[in-house]
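All values below come from the heavy atoms of this structure, side chains included, with hydrogens, waters and symmetry mates left out. Ligands are counted one by one from 1 in listed order, and the atoms in each one are counted from 1 as well. Quantities reported herein were computed from a predicted structural model and do not represent experimental measurements. The first residue of the sequence shown is numbered 1, and numbering continues consecutively from there.
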Amino acid sequence: MTTFLGMPTVAPRGVGQLRGDEPFPAAARKALADDQLRRNLGHATRTIRAKRAAVVGEVPDWEELRRAGEAIKARTMATLDTQLERLEREVIARGGTVHWARDANEANRIVLDLVRATGADEVVKVKSMATQEIGLNEALAAGGVAAWETDLAELIVQLGHDKPSHILVPAIHRNRAEIRDIFLREMPGVDPDLTDEPRRLAMAARAHLRRKFLTARVAVSGANFAVAETGTLAVVESEGNGRMCLTLPRTLITVMGIEKVVPAWTDLEVFLQLLPRSSTGERMNPYTSLWTGVTPGDGPREFHLVLLDNGRTAVLADEAGRSALHCIRCSACLNVCPVYERTGGHAYGSVYPGPIGAVLSPQLTGVEDNASLPYASSLCGACFDACPVRIDIPSLLVHLRAEHVEERAKRAVPSPEAIGMAAGSWVMARPGRFRGAERLMRLGRVLGRRHDRISALPPPLSAWTASRDLPRPPAQTFREWWKARAARSAS
Ligand code: SF4
């Protein structure tokens, strides 16, 4: 076992919210039956795709930018230990405190202890995938601390007792009427005549959140990037709620996955061009907040940075799979994915849905704990084309599928698929066996005679016909046809 900054490169003990209650195919089947969900998703992803395509088309050197982003990430991952130690030194030198968390349990305990030390019983939160990944809100609630989401979409999800279904637009599965109903039901003091007009909904959320911003003593955020050379953290957002959380409370706690570090400011320049165009379809983010340690008389007086592993060092140790750590969470791959567009994010079970979730979640938990996700893809390659840092997601999915097959091969009791493959290989190993199998296949002509296809077979073959038909076998095999053709030409 190799070690990384003293951390063992193994799957973490408490992985947080990275796996669902049921495998993807079962969850996807339910999602596909929900017409409203499909309408909401289709409309939202079409709109974001069009916005992204327009602003990406404006940049003549977009491909060069993508290659630069890819190269910076690869270089950073190759020197991650050095970059993180440098980041730690710089944050401490500027008055911050750095904590290292091996897994979700450890990170949650660190944050809860820090909040308790301030005497606060509530925190305001900036939208953060890392804190969702570790289930921080639930852990804080169990410890008697209320966590208030302040990003509008996260607020909708929280008030609706729901789960996020998209990395960037967590309430993408909701339409305006549903959001109004949630606000009327759950938001204290909301105008009972609230309509579903976007401006009215935003004003209701604004009034609700303003009270929280002004009273909160502690804020919790994630980070989009951390610049190692100066110990500077960066959060980009569209609403300004993040800026409120990052500046008003006395104590700021940032939970950041260790892969978010970049070596220098010149590297940040590349990502601040790639991220907004790929995510919200904007030329630049409306709010880019940067902070370095603490500054007397300006902003929080205490700053804590929690550096989260939670399986990342295990991903880093996998040479073929480590490029998944290059992800900047823009969600462009979700918006172009035909599977995501039809099933939505909940079917993936993990806080990371869509193509990158189908890679990252099994990598972070260990493939066998999320074994159905690498198959939740048609491998069409649209995700690779859209990814601003050129992560080859289809190849990563195939790599994980291979890992899964290898794991299954080690089992004492082989799976039906393995038995089927072994039987197929035995039949195809000898021409005589193959001829016999072809003759047997002819029996299928009886089953398919009515509709010219076979729609139902007995178990275990029923697993195939449950979702697709088999064509009726032809009256003549290829070999018979070839023989007859040769005989005709000879005569
Ligand atoms: S894999 Fe690429 S496209 Fe998908 S969220 Fe990450 S950076 Fe964006």
- Within the distance-only criterion (no hydrogens, no angle test), does the side chain of D103 pair as donor or acceptor with the backbone N or O of N310 below 3.5 angstrom? no

- Message: Does the Lys NZ or Arg CZ of R102 fall within the cation-pi geometry relative to W100 - under 6.0 Å from the ring centre and within 45° of the axis?
- Response: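 No cation-pi geometry.
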
- E138 and Q17: side chain donor to acceptor below 3.5 Å: yes

- Among all protein non-hydrogen atoms, which one is nearest to atom 7 (S) of ligand 1, and what is the separation to 0.1 Å?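 Ranked first by proximity to atom 7 (S) of ligand 1 is I328 N, 3.4 Å.
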
- Qualifying residue for side chain to side chain donor-acceptor pair (under 3.5 Å) with K125, from N241, D151, T131: T131

- Task: Show all protein N/O/S atoms under 2.8 Å from atom 4 (Fe) of ligand 1, or state that there are none.
- Result: C333 SG

- Check: F24 ring centre within less than 6.0 Å of Y348 ring centre: yes

- Message: List the residues meeting side chain to side chain donor-acceptor pair (under 3.5 Å) with H208, not counting sequence neighbours, and say none if there are none.
- Response: none

